[in-house]
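Please read the structure below before turning to the comments.
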Amino acid sequence: MSISRDDVLRWMELFAAAVAEHRAELVALDTAIGDGDHGTNMDRGMRKALERLGASEQADAGAALKTVAMALISSVGGAAGPLYGTLFLQMGSALAGNPEIELADYAQAWRKGLEGVQARGKAQPGDKTMVDALIPGVEALERASDLSDGLRAAAQAAETGMKATIPLVARKGRASYLGERSRDHQDPGATSTYYLFEAAAAALAG
Ligand code: ADP
Ligand code: MG
């Protein structure tokens, strides 16, 4: 089994749909420990991304992910837009020109994406950010021996990572301004990252 350009397009459609469906939840999470715009930011960005994907032929999966990245970077203010933009840009670069993406290629692309997010945002594990869902998801994919089972495991691991942000005190982003008061809230960015893995798993469920 391998991942095609159309699988990636379906993944992005499912992610956009999940963000739209959970927009109010993401807003509520960000209202508690930030400025309340994470749901609207991501919804606006992913709508723009789908618009651009539909506007021109995408050469391959890598090109499609780069298109999504540019849409997010140019249309989303705030921290998460450029961070997701970096994730998709690095993934897109890793996959460019590859018409049949195997599990190992895909896991490596996620690893590059994670590295990009950390290079840009400087978040470490436990800082209560999207990185806390990304790391366990990427590690689960790297351990996997089957693409669709691996993506299921990655989504579960990302969900566990997301929930594990609840007791943490934020050390990066707006939530860090709250110090101790950021404790006992789930991180909005880790939540949208969990939806990103869920969408990837659903896109390949066959
Ligand atoms: P803003 O914080 O600018 O309003 P959003 O509300 O869209 O942007 O996104 C907030 C999310 O961004 C946080 O929940 C966190 O997961 C993520 N985030 C913020 N800063 C960083 C960072 N330096 N590294 C990784 N993720 C970050
Ligand atoms: Mg915000």
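Heavy atoms only: backbone and side chains are in, while hydrogens, waters and symmetry mates are out. Every number for a ligand or one of its atoms is a count from 1 in the order of the listing.
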Closest protein heavy atom to [atom], given as residue, atom name and distance to 0.1 Å:
atom: atom 12 (O) of ligand 1; answer: A80 CB, 3.9 Å
atom: atom 21 (C) of ligand 1; answer: L83 CD1, 3.6 Å
atom: atom 14 (O) of ligand 1; answer: D187 OD1, 2.7 Å
atom: atom 24 (N) of ligand 1; answer: A123 CB, 3.4 Å
atom: atom 20 (N) of ligand 1; answer: G173 CA, 3.5 Å
atom: atom 3 (O) of ligand 1; answer: A79 N, 2.8 Å

Does [X] use its side chain to pair, donor to acceptor, with the backbone of [Y] at less than 3.5 Å?
X: D146; Y: S148; value: yes
X: R171; Y: G126; value: yes
X: D37; Y: T40; value: no

- A158 to F197 - nearest heavy-atom pair and separation: CB-CD1, 3.5 Å

- Of K128, R120, K172, H38, the residue with the heavy atom nearest atom 10 (C) of ligand 1 is H38

Within a distance under 4.0 Å of any heavy atom of [X], pick out the atoms of ligand 1 and give their elements.
X: D30; value: 6 (O)
X: D37; value: 4 (O), 5 (P), 6 (O)
X: P188; value: 14 (O)

- Query: With distance as the sole criterion, is a donor-acceptor pair present between the side chains of E25 and T191 under 3.5 Å?
  - Reply: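 Side chains of E25 and T191: no pair found under 3.5 Å.
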
- Query: When you check the side-chain N and O atoms of S2 and E102, is any donor under 3.5 Å from an acceptor?
  - Reply: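 Result is no, nothing qualifies.
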
What about [X]: any of its N or O atoms under 3.5 Å from an N or O on ligand 1?
X: G121; result: yes
X: M130; result: yes
X: G189; result: yes

- Message: Tell me the contacting part of T129 for ligand 1: side chain, backbone, both, or neither, using a 4.0 Å heavy-atom threshold, strictly below.
- Response: both

- For the residue pair Y84 and F15, does the interplanar ring angle fall in the parallel (under 30°), tilted (30 to 60°) or perpendicular (over 60°) class?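 Plane angle between 30° and 60°, so tilted.
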
- Query: Thinking salt bridges, do K128 and D187 make one under a 4.0 Å N-O criterion?
  - Reply: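 No, this pair does not count.
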
- Message: Taking a cutoff of less than 4.0 Å between a non-hydrogen atom of the residue and any ligand atom, is K122 in contact with ligand 1?
- Response: no

- Message: In the structure I gave you, are the side-chain heavy atoms of K66 and F88 within less than 4.5 Å of one another anywhere?
- Response: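 Of all side-chain heavy-atom pairs linking F88 with K66, none is under 4.5 Å.
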
- Item | Metal-centred angle, OD1 of D37 through the Mg ion (ligand 2) to OD2 of D30, rounded to 10 degrees |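 My answer is 90°, to the nearest 10°.
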
- Relative to the Mg ion (ligand 2), which of the N, O or S atoms in D35 is the closest?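 It is OD1, the N, O or S atom of D35 closest to the Mg ion (ligand 2).
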
- Result of checking Q90, M91, E139 against W110 for side-chain contact (heavy atoms from CB on, under 4.5 Å): M91

- Item | Partners passing side chain to side chain donor-acceptor pair (under 3.5 Å) against D7 (at least two apart in sequence or in another chain) | S4, R10

